[in-house]
Structure formats: structure tokens, C-alpha cells
Amino acid sequence: MYGKICGTGSCVPKHVLDNEDLSRMVDTSDAWIQERTGVARRHIIEDETTVSMAVEAAQRALENGNVRAEEVELLIVSTFTSEILLPCAACEVQKRLGAVNAACFDLNAACTGFLAAYQTAQAYIAAGSCRTVLLIGSESLSNMVDWKDRGTCILFGDGAGAAVLRAEPGEVPLTVMHSDGGAGGALTLQSRHQKNRGSGLDAGYIQMNGREVFQFAVKRVPEVIQELLEAGQVTLRQVDYFILHQANKRIVESVAKRLGADIEKFPMNLQEYGNTSSASIPILLDEMNRDGRLKQGQTIVLAGFGAGLSWGAAVLKW
Ligand code: ACO
């Protein structure tokens, strides 16, 4: 048995912060941000929270998949930006959805989180532990960036995406995941809530060596996609879409080029949302599902990368 995605949903905050708004907050410009990242605007929470966006995205996914909340047996929220740490965000989402039969936990693999949740769901279903799984990536990155640091605040946005998986007979989709904790210093976020935090000045804010992260992504993502396709005996031409974590347009373009694949197969929506970490893949999946770009039988590659450092990819039939 494997888990087939039968419904998708997403939710982004109402408030939009565009590059012109940002240029009034830090020393930057629309031209610089668009050229270096491709991001034009991002949605930022006001009344919304990581949990409230997760609940809305999940409700839309359940409705889209024609699945009742009580049918969900496993509920995973991928996040590192939840406003509540105990109970886990997944339990709070369960309560609000009425998913009373679900086992719930959060998972943090940063921007690779949705891939990690997808792989976990497949393993549970293949083991016969459950039949219906709800996966959610929900992030409020605007809570975690230093709005005075132009090197990071321009990149990120808030939002949530969700997918419902149902057990069906068939092969488990291939997923490959890697981590390199030794290189983790390139992208960090220290908790504000710690006794021994040294100088502690930067605690609570994302710290990033942009160049290092960029070099890592453009090397590791094509590598892991090649590894995945070789293992699955799938050719580049057989893939209809490569749905990458939406970090940066230049990263996506560089991955397409290094693979020798047609850029048309790499959909992007980062111009609208910025980098929403583990929400970016399910938000894009939901948009493509709803506007009819995703069609039954297509071969889709998902690829995530980010803090850890961590990276991974999965190949599935829509
Ligand atoms: N506006 C204007 N100028 C800026 C800005 C800004 N927002 N940010 C930096 N600069 C300046 C720098 O100060 C520097 O000026 P200097 O030459 O006078 O010193 C110059 O622009 C170049 O800075 P770099 O940091 O070298 O710029 P780079 O071309 O590397 O672009 C960027 C920076 C966009 C962050 C790039 O490194 C990048 O995309 N990295 C990947 C980041 C990423 O995607 N992270 C997340 C992935 S993982 C995850 O999703 C969590």
C-alpha cells in the first residue's frame, strides 16, 4: 500500500508586504530584490497564526479530497515557527478540526519538512499503521526574521499548505533524504528561551550566510534529483513537473540548468509569497491542483532543501 494525494489546500495571510514597502523599512529596492531573488511580495500574518493557517489549509484539503476530519488517522504538522510549543501544533490543529481519531505530532526539518512529512506518511501507510494521513506545512517566518536585516527579511513570507493521503494498493513512491549537520551553521535560529545563550544578541532571529546556502542548494538539489531518478529508473523527460521548495528564482533556474531540464517544467510562485519554508511545496501543489495543471498520471518530482543543512526529493504519480 502507498499514500495517494487525494486533496490539497492552502492558506496565506491577507496582508501583503511588497518590495516597495520593504524599501521604506530597510536600505533595499524592488529592483535589487527582484533581480537577486525573484520575490515581488509576500503575505505576512496580522491576526493569523501558524495554527490558524494550518487549520484553514487543512480544512480546504479535506474538502478537496472529500475526506471527513474523523477519518484522519495521522496528522503531521511541519513547522519551526509555531507560536505554541506545547502542546504541539498538530494537537491544536486536531482539536480545531475535530480530527479526533488522529495521532498527532510536529516535525521540524526546516524547508525540507514537507518532504520529511511525506516520507513519514508513506512509511506509516506502507507499514499498515494507518490509511488516511493529513500533512500540513505551516510557517510564520515573519515572527523569526530581524526586520532590520536586509540580507534576510526580504526573502521570507508566511503561509500554510496541506495534503491528504489515502492508502491505495501500489508501490510506495521513492523518496531520498539527506542531512549534513556539520554544515548547519550556514542557516540557524536560536531560541529566545534558553538560560545559557552566550551573548544572546541574535537569539530569535534567522541568521544566514546567503552565499553558502545558495551554493549548497544549487549543488545538492540537482544531485539528489539525479540520485532519485536513477534509483527509480525515471528519465528527466518522463517528469512532467519539478516542484521545488520556493526559496529563490535563481536557485530554481540554476537547478533546471544543471539538470539540463526545461525551465517550463519548474513552476514558481515565489514572486507572490517569498520563501514560506515547509509551506512552499504544498502551497504550490495546491495552486497547480486547483488550476488544473496537475493531471492524473503525471510524474511529479518534489524537492526540498534548507536548514540542517538538509535536502531531499520524492517522485510520485499524480
Ligand atoms: N538590498 C540591497 N542590497 C543588499 C541587500 C538588499 N536586500 N541584501 C544584501 N545587499 C548587499 C550586500 O550588503 C552586498 O553589498 P556589498 O557588496 O556592498 O557588501 C551586496 O548586496 C551583495 O550581497 P550578497 O549577500 O553577496 O548578495 P547575493 O548576490 O549573494 O544575494 C541572497 C543575497 C539573495 C540572500 C543570495 O545569497 C541567496 O539567494 N541566497 C540563498 C538564500 C536562500 O534562499 N535561503 C533560504 C534557503 S533555505 C530555506 O528556505 C530556509
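If you read the sequence from its start, that first residue is 1, and numbering goes on from there. Counting convention: from 1, in listed order, for ligands and their atoms alike. For the numbers below, each heavy atom of this structure counts, side chains included, while hydrogens, waters and symmetry mates do not.
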Show the atoms of ligand 1 that are less than 4.0 angstrom away from any heavy atom in [X].
| X | answer |
| --- | --- |
| Ala247 | 44 (O), 47 (C) |
| His245 | 49 (C), 50 (O) |
| Cys111 | 48 (S), 49 (C), 50 (O), 51 (C) |
| Gly306 | 48 (S) |
| Arg250 | 29 (O), 31 (O), 36 (C) |
| Ile251 | 44 (O) |
| Ile154 | 7 (N) |
| Asp27 | 1 (N), 2 (C) |

Quiz item: Distance-only, no hydrogens or angles: does the Thr37 side chain make a donor-acceptor pair with backbone N or O of Ile33 under 3.5 Å?
Solution: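 Answer holds: yes.
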
Quiz item: Got a donor-acceptor contact below 3.5 angstrom from the Arg42 side chain to the Ile154 backbone?
Solution: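 Flag set: sc Arg42 to bb Ile154 pair under 3.5 Å.
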
Exercise. Report the relative orientation of the aromatic rings in Phe305 and Phe216; use parallel for angles under 30°, tilted for 30 to 60°, perpendicular for over 60°.
Key: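 Rings of Phe305 and Phe216: perpendicular, over 60°.
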
Quiz item: According to the interplanar angle, ranging from 0 to 90°, do the rings of Tyr273 and His43 count as parallel (below 30°), tilted (30 to 60°) or perpendicular (above 60°)?
Solution: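 Tilted.
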
Among all protein heavy atoms, pick the one closest to [atom] and tell me residue, atom and distance.
| atom | result |
| --- | --- |
| atom 47 (C) of ligand 1 | Val213 CG1, 3.6 Å |
| atom 26 (O) of ligand 1 | Arg211 NH2, 2.7 Å |
| atom 29 (O) of ligand 1 | Arg36 NH1, 2.6 Å |
| atom 1 (N) of ligand 1 | Thr28 OG1, 2.6 Å |
| atom 38 (C) of ligand 1 | Asn248 ND2, 3.7 Å |
| atom 12 (C) of ligand 1 | Arg150 NH2, 3.8 Å |
| atom 45 (N) of ligand 1 | Met208 SD, 3.2 Å |

Self-check item: Point-to-point distance, once rounded to the nearest 0.5 Å, from CG of Asp158 to NE2 of His15
Solution: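 Interatomic distance, Asp158 CG to His15 NE2, rounded to 0.5 Å: 10.0 Å.
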
Quick one: does ligand 1 sit under 4.0 Å from the side chain of [X], the backbone, both or neither, non-hydrogen atoms only?
| X | answer |
| --- | --- |
| Ile206 | neither |
| Leu187 | side chain |
| Asn275 | side chain |

Less than 4.0 Å between a side-chain N and a carboxylate O, is that true for [Y] and [X]?
| X | Y | value |
| --- | --- | --- |
| Glu56 | Arg60 | yes |
| Arg131 | Glu73 | yes |
| Arg68 | Glu71 | yes |
| Glu223 | Arg258 | no |

Self-check item: Winner among Trp32, Phe216, Trp311 once heavy atoms are compared against atom 23 (O) of ligand 1
Solution: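 Closest candidate by heavy-atom distance is Trp32.
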
Might you confirm whether atom [atom1] of [X] has over 12 heavy atoms from other residues, nucleotides or ligands at distances under 6.0 Å?
| X | atom1 | value |
| --- | --- | --- |
| Lys265 | NZ | yes |
| Glu63 | CD | no |
| Asn66 | CG | no |

Kindly state if [atom] has a protein heavy atom within a strict 4.0 Å cut-off, that is, under 4.0 Å?
| atom | value |
| --- | --- |
| atom 16 (P) of ligand 1 | no |
| atom 7 (N) of ligand 1 | yes |
| atom 19 (O) of ligand 1 | no |

Quiz item: What's the shortest heavy-atom distance between Ser278 and Phe114, and which atoms?
Solution: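 Closest pair (atom of Ser278, atom of Phe114, distance): O-CB, 3.6 Å.
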
Quiz item: Given the side-chain rings of Tyr241 and Trp318, with only the six-membered ring counted for Trp, is the space between their centroids under 6.0 Å?
Solution: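 No; Trp318 has its ring centre 6.0 Å or more from that of Tyr241.
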
Short N or O distance, [X] and ligand 1, threshold 3.5 Å exclusive:
| X | answer |
| --- | --- |
| Thr37 | no |
| Ser29 | no |
| Gly210 | yes |

Practice problem: Taking the six-membered ring of Phe214 (Phe, Tyr or Trp), confirm whether the NZ or CZ of Arg250 is under 6.0 Å from its centre and within 45° of its axis. | Solution: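 Yes - Arg250 lies over the ring of Phe214, closer than 6.0 Å to its centre and within 45° of its axis.
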
